[in-house]
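See structure below.
The first residue of the sequence shown is numbered 1, and numbering continues consecutively from there. Please read these numbers as outputs of a predicted model, since none were measured by experiment. Just so you know, these numbers use all the heavy atoms, side chains as well, and skip hydrogens, waters and symmetry mates.
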Amino acid sequence: MKPAMVQADVIIVGAGPAGAACAARLKKRGMDVMILEKQVFPRPKLCAGWITPNVFDSLECPPEAYPYALTHIRRMHFHLFGIRVPVKTHQYAIRRMEFDQWLVRRANVPMHTHPVKQIRKNRSGFVIDDQFECRYLVGAGGTHCPVRRTFVDPLQRRPEQALISAVEKEFQGRCRRRECHIWYLERGLPGYAWYLPKKDGWINIGIGGKQHRLASRGTTIMMHWHNFVHRLLHQGFLDQPLDNPKGHTYFLRHKPVTPGPEKVFVIGDAAGLSTRDMGEGIHAAVQSGIAAAEAITSKQPAGMNHIARFSLPKLLTSAISRSFSRM
């Protein structure tokens, strides 16, 4: 005899910031919710890890209550066409392994380690791998989210012009530069690169570029990575070469996602909400998760138009956007 299916009002596929924020808001509204996550937590996560104070505002939690290392970024150095522009700012840097674990614990809902393979619709809602059943389904599983693949991709595929290939590495080492640096369009890279020092000796460096431009120029993101690391060594940012970086892909903000079937919501990187200037997706993920939760509890469509397309001040964003449009 088959074991009984695990049931909930809402099942969220993916335990990143979008899924955890959605779960926390749903539980606050009295919904029965669970998360399905393919990886065991805490898990390594590729991400530069900068967030704005607005993230904590959206989570209704002051930065002082965050229990892990939180680096306050007061100045960022932007490099565009060889010109360095220092800009005062008010942002933070976190380690995603710690931040995501905190968000999941804070949501305090059941989480099952389960890689989703098949989703089907039935009369009352949705069945996942003949093991889980729900009335509402939320896809928060990142770029390759199975919920999006099942219910949204057949309706509207994301434009290839918005696809970013990224390579990065987070490591502990001797921090030779104490401030954050971001380079745009460096040495033919159709995108950006960053150097982000954090507390406890952690440093995150990485690059991201438009995949269709890389392909059209006959280059790869790894070729740019090796050149970038060489320059960081030469300029005194690093004191040793870096091996074995990790790669991933994500989509910048583009046209709104066409809704899937009723009671299906796609949020965070699954919806392609990273900002167009910095590729920052954590705030958008949190906002979209909360928006989906409010839509479920109010039985209204989830509006995403309030989520910002850019992270930087308008003057700097305008210059970068004009440059990107010529790539």
Side-chain angles (χ1 to χ4, degrees), residues 46-55 63 69-96 99 164 166-210 221 224-242 245 250 252 274-284 308-327:
L46 291 174
C47 181
W50 50 54
I51 59 176
T52 67
N54 293 332
V55 171
L70 189 66
T71 306
H72 192 183
I73 303 173
R74 293 180 171 84
R75 184 183 300 272
M76 301 177 78
H77 296 266
F78 296 96
H79 303 255
L80 183 62
F81 299 124
I83 301 173
R84 182 171 66 89
V85 182
V87 176
K88 289 184 179 180
T89 187
H90 178 39
Q91 298 193 42
Y92 299 99
I94 47 85
R95 295 193 67 218
R96 279 292 300 273
F99 186 73
I164 299 293
V167 177
E168 63 184 270
K169 189 176 182 70
E170 189 159 283
F171 60 98
Q172 276 186 304
R174 187 161 66 92
C175 186
R176 305 189 71 175
R177 301 290 181 95
R178 296 291 179 180
E179 293 183 312
C180 176
H181 290 254
I182 301 178
W183 295 263
Y184 289 95
L185 312 175
E186 180 81 359
R187 305 291 178 90
L189 173 67
Y192 36 79
W194 64 87
Y195 171 91
L196 179 58
K198 304 180 183 182
K199 285 190 174 179
D200 301 326
W202 287 97
I203 304 169
N204 185 289
I205 73 169
I207 60 173
K210 290 185 176 181
I221 196 68
H224 285 282
W225 164 266
H226 291 304
N227 291 333
F228 179 54
V229 170
H230 177 76
R231 291 195 301 276
L232 290 182
L233 284 165
H234 179 71
Q235 295 170 10
F237 285 85
L238 300 175
D239 56 9
Q240 59 183 338
L242 297 179
Y250 59 90
L252 299 179
S274 294
T275 57
R276 298 175 66 88
D277 50 0
M278 289 179 65
E280 194 278 315
I282 296 177
H283 189 210
R309 294 175 179 268
F310 298 95
S311 301
L312 302 175
K314 287 184 178 180
L315 182 61
L316 192 55
T317 293
S318 177
I320 293 169
S321 297
R322 287 196 301 271
S323 300
F324 270 32
S325 67
R326 296 196 295 268
M327 288 195 307

> At their closest point, which heavy atom of Leu189 faces which heavy atom of Ile207, and how far apart are they?
Replying inline: CD2-CB, 4.1 Å

> If we only count heavy atoms from C-beta on, is the Ile164 to Leu252 side-chain gap below 4.5 Å?
Replying inline: yes

> Between Val167 and Pro245, what is the shortest heavy-atom contact and its length?
Replying inline: CG1-CB, 3.4 Å

> Could you go step by step and tell me if Glu186 and His79 meet the side chain to side chain donor-acceptor pair (under 3.5 Å) rule?
Replying inline: CA-CA 8 Å; Glu186 180 81 359; His79 303 255; over 6 Å; no

> Roughly how far, to the nearest 0.5 Å, is CD of Gln91 from CD of Glu280?
Replying inline: 7.5 Å

>> Are Leu70 and Phe99 packed together at the side-chain level, in the sense that at least one heavy-atom pair is separated by less than 4.5 angstrom?
In response: no

> So, for Trp194 and Ala48, which heavy atoms are closest and what is the spacing to 0.1 Å?
Replying inline: NE1-CB, 3.5 Å

>> Would you compute the distance between atom CG of Leu242 and atom CG of Leu232 and round it to the nearest 0.5 angstrom?
In response: 8.0 Å

> So, do His90 and Tyr92 have ring centers that fall under 6.0 Å from each other?
Replying inline: yes

>> Quick check: do Cys180 and Thr89 have side-chain heavy atoms less than 4.5 Å from each other?
In response: no

> For His72, does the NE2 atom have more than 12 heavy-atom neighbours from other residues, nucleotides or ligands under 6.0 Å away?
Replying inline: yes

>> I need the minimum non-hydrogen distance between Ile282 and Cys47, along with the two atoms involved.
In response: CD1-SG, 4.1 Å

> Ile73 and Ala93: which non-hydrogen atoms are nearest, and at how many Å?
Replying inline: CD1-CB, 4.0 Å

>> Between Lys198 and Glu170, does any NZ, NE, NH1 or NH2 come within less than 4.0 Å of an OD or OE carboxylate oxygen?
In response: yes

